[in-house]
Structures are given as structure tokens and as C-alpha cells.
Amino acid sequence: MSVPTTGRTTDELTTWLSDRIALYLKRRPQEIDPSVPLAEYGLDSVAALSLCGDIEEDFDLILEPTVAWDYPTVQALATHLAQSLAEPAAG
């Protein structure tokens, strides 16, 4: 399935998420394994809510505040975001 030019690829989103999560956790992005649950890195509810806000702001999406727990790895979250961005806006 191709992603429209207005969307982002899962790889681009994985990189963006890893960078953002590394910032919150005071780690290098290379230390964030996309398949490891975010809770194992110590991502707390404050950081998860901040991440949700960053996603909403940067990608113009409305998300449930539990999105980081519903999609607990960078891979799962990136895939969810790519699908959300590829969907036509409801009007």
C-alpha cells in the first residue's frame, strides 16, 4: 500500500518517534529499539502525554491520550500513525 505524499512512511515515523522519545528519556536515539516496549525504557505517563501532544501538533492528528499504552512500542505506534495519516480526513 502506498502512502500519499502528505503522509509519512513508517520508517520516517519510527525515526521521528525514536528521536522524540530519546529526548524525553535523556538517551541517544540509537539506544531506542523500536521493538522494545516503551515502558521498559521508563516512559512514564507525563512523557507519554507529552509525546501524544507532540504527535498531535506535528502531524495534525487527534489522538487518545492512551496512545502510547495502546501501541506500546515505537514500531506499533509508527505503524498506527502511518495508517492514521494515510486515511482521508473525515469531513
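Quantities reported herein were computed from a predicted structural model and do not represent experimental measurements.
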**Student:** So which atom in Phe59 and which in Leu13 form the shortest heavy-atom distance, rounded to 0.1 Å?
**Tutor:**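 The pair with the smallest heavy-atom distance is CZ-CD2, 3.7 Å.
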**Student:** Following the transitive rule for hydrophobic clusters with a side-chain heavy-atom cut-off under 4.5 Å over Ile, Leu, Val, Met, Phe, Trp and Tyr, establish whether Val36 and Leu43 coincide in one cluster.
**Tutor:**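 Yes.
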**Student:** If I compare all heavy atoms of Ala78 with all of Leu17, which pair ends up nearest, and what's the gap?
**Tutor:**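 Heavy-atom minimum between the residues: N-CD1, 3.6 Å.
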**Student:** Please report the interatomic distance CG(Asp60) to OG(Ser84), rounded to the nearest 0.5 Å.
**Tutor:**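 Atom-to-atom, Asp60:CG and Ser84:OG are 12.5 Å apart.
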**Student:** For Thr66, is there any backbone N or O sitting under 3.5 Å from a side-chain donor or acceptor partner on Tyr71?
**Tutor:**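 It does not hold such a pair.
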**Student:** Nearest 0.5 Å, please: how far is CD1 in Ile32 from CZ in Arg27?
**Tutor:**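 The distance works out to 5.5 Å.
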**Student:** Decide yes or no for Leu63 and Cys52: does some side-chain heavy atom of the first lie under 4.5 Å from some side-chain heavy atom of the second?
**Tutor:**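 In short, these two side chains touch, coming nearer than 4.5 Å.
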**Student:** Taking all atoms of both residues into account, what is the closest heavy-atom pair of Pro65 and Leu49, and its distance?
**Tutor:**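 In terms of heavy atoms, the two residues are closest at CB-CD2, 3.5 Å.
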**Student:** Taking atom OG1 of Thr14 and atom CG of Asp19, what is their separation to the nearest 0.5 Å?
**Tutor:**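 Spacing of OG1 (Thr14) from CG (Asp19) equals 10.5 Å.
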**Student:** Would one find more than 12 heavy atoms of other residues, nucleotides or ligands at under 6.0 Å from atom CD of Gln30?
**Tutor:**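 Yes.
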**Student:** Would you say Glu31's side chain and Ala22's backbone share a donor-acceptor pair under 3.5 angstrom?
**Tutor:**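 Pair absent, no side-chain N/O of Glu31 close to backbone of Ala22.
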**Student:** Is the backbone of Thr9 close enough, under 3.5 Å, to the side chain of Glu12 for a donor and an acceptor to pair up by distance?
**Tutor:**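 Yes.
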**Student:** Search all heavy atoms of Arg8 against all heavy atoms of Ala82 and return the closest pair with its distance.
**Tutor:**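 Shortest heavy-atom contact: O-CB, 3.9 Å.
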**Student:** How long is the gap from OG1 on Thr10 to NE2 on His80, to the nearest 0.5 Å?
**Tutor:**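 Result: 12.0 Å between the selected atoms.
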**Student:** What is the minimum heavy-atom distance between Tyr24 and Leu51, and which atoms define it?
**Tutor:**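 Taking Tyr24 first and Leu51 second, the nearest heavy atoms are OH-N, 3.6 Å.
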**Student:** What's the separation between atom CD1 in Ile21 and atom OG1 in Thr73, rounded to the nearest 0.5 Å?
**Tutor:**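 Between Ile21 CD1 and Thr73 OG1, I get 9.0 Å after rounding to 0.5 Å.
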**Student:** Which heavy atom of Val74 sits nearest to which heavy atom of Ser18, and what is that distance?
**Tutor:**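 In this case the closest contact between Val74 and Ser18 is CG1-OG, 3.8 Å.
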**Student:** If you apply the rule side-chain contact (heavy atoms from CB on, under 4.5 Å), what do you find for Ile55 with Trp16, and how did you get there?
**Tutor:** CA-CA 10 Å; Ile55 292 167; Trp16 185 92; 3.6 Å; yes
